[in-house]
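Everything numeric here is computed off the predicted structure, so don't read it as measured data. Counting starts at 1 for both ligands and their atoms, following the listed order.
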Amino acid sequence: MSDYAADPSRARETADTAYIHDVAIVGLGPVGQVLALLLARHGHDVVVVEKQAEPYPLPRAVHYDGDISRALDGLGLADFMAEFSSASDIY
Ligand SMILES: Cc1cc2nc3c(=O)[nH]c(=O)nc-3n(C[C@H](O)[C@H](O)[C@H](O)COP(=O)(O)OP(=O)(O)OC[C@H]3O[C@@H](n4cnc5c(N)ncnc54)[C@H](O)[C@@H]3O)c2cc1C
């Protein structure tokens with residue numbers, strides 16, 4: 001865990017530090033996570049900033065559709081997802 005994650009107020013103290021990245025993503029929700037992974041797989045230097053020190057503690061995705069399934073497959077997560085999910089004809 002970075003110092004910033006342990007104490008987010010430190011980020012403000014050191015905000016004048018210069019970092020150069022190709023892409024900055026604000027928010028490490030599912031959209032930010034998938035986007036960061038896809039961009040990194042295409043060779044981009046990505047930084048993600050997240051205001052919460054810990055992940056949200058409750059599940060917020062019970063169903064996902066074919067587009068999301070293909071995106072997760074593209075990230076090499078098909079086997080991992082198959083461990084705790086099953087296909088359904090109803091969405
Ligand atoms: C109870 C519940 C059940 C749900 N069930 C389903 C489901 O079954 N299937 C489904 O597909 N979807 C479901 N959803 C919706 C799903 O959770 C959202 O669509 C999804 O989380 C959106 O992802 P996101 O990355 O766009 O945003 P978020 O998940 O909201 O992530 C945004 C992130 O940005 C961070 N952030 C915000 N502002 C800043 C800032 N200024 N600086 C730094 N970080 C910041 C936040 O802390 C957060 O971590 C559910 C939602 C809820 C609440």
**Q.** Same cluster (ILVMFWY, side-chain, under 4.5 Å), Y64 and F80
**A.**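 Cluster IDs for Y64 and F80 match.
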Can you give me a line-by-line list of nitrogen or oxygen pairs between ligand 1 and the protein shorter than 3.5 Å?
residue	atom	partner	partner atom	Å
ligand 1	5 (N)	R60	O	2.6
ligand 1	8 (O)	V62	N	2.6
ligand 1	8 (O)	H63	N	3.3
ligand 1	9 (N)	H63	O	3.1
ligand 1	11 (O)	H63	O	3.4
ligand 1	12 (N)	R60	O	3.4
ligand 1	14 (N)	R60	O	2.7
ligand 1	17 (O)	R60	O	3.3
ligand 1	25 (O)	P30	N	3.3
ligand 1	25 (O)	V31	N	3.0
ligand 1	29 (O)	R60	NH2	2.9
ligand 1	44 (N)	K51	N	3.1
ligand 1	47 (O)	E50	OE2	2.6
ligand 1	49 (O)	E50	OE1	2.6
ligand 1	49 (O)	E50	OE2	3.2

When you measure from the side chain of [X] to the backbone N and O of [Y], does any donor-acceptor pair fall under 3.5 Å?
X	Y	answer
D45	H21	no
D79	A82	no
E50	Q52	yes

Q) Atom CD1 in I68, atom CE in M81: separation rounded to 0.5 Å? A)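 I68 atom CD1 to M81 atom CE measures 10.0 Å (nearest 0.5 Å).
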Q: Answer yes or no: is there an ion pair linking R70 with D73, defined by an N-O contact shorter than 4.0 Å?
A: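 Salt bridge flag = no for D73 with R70.
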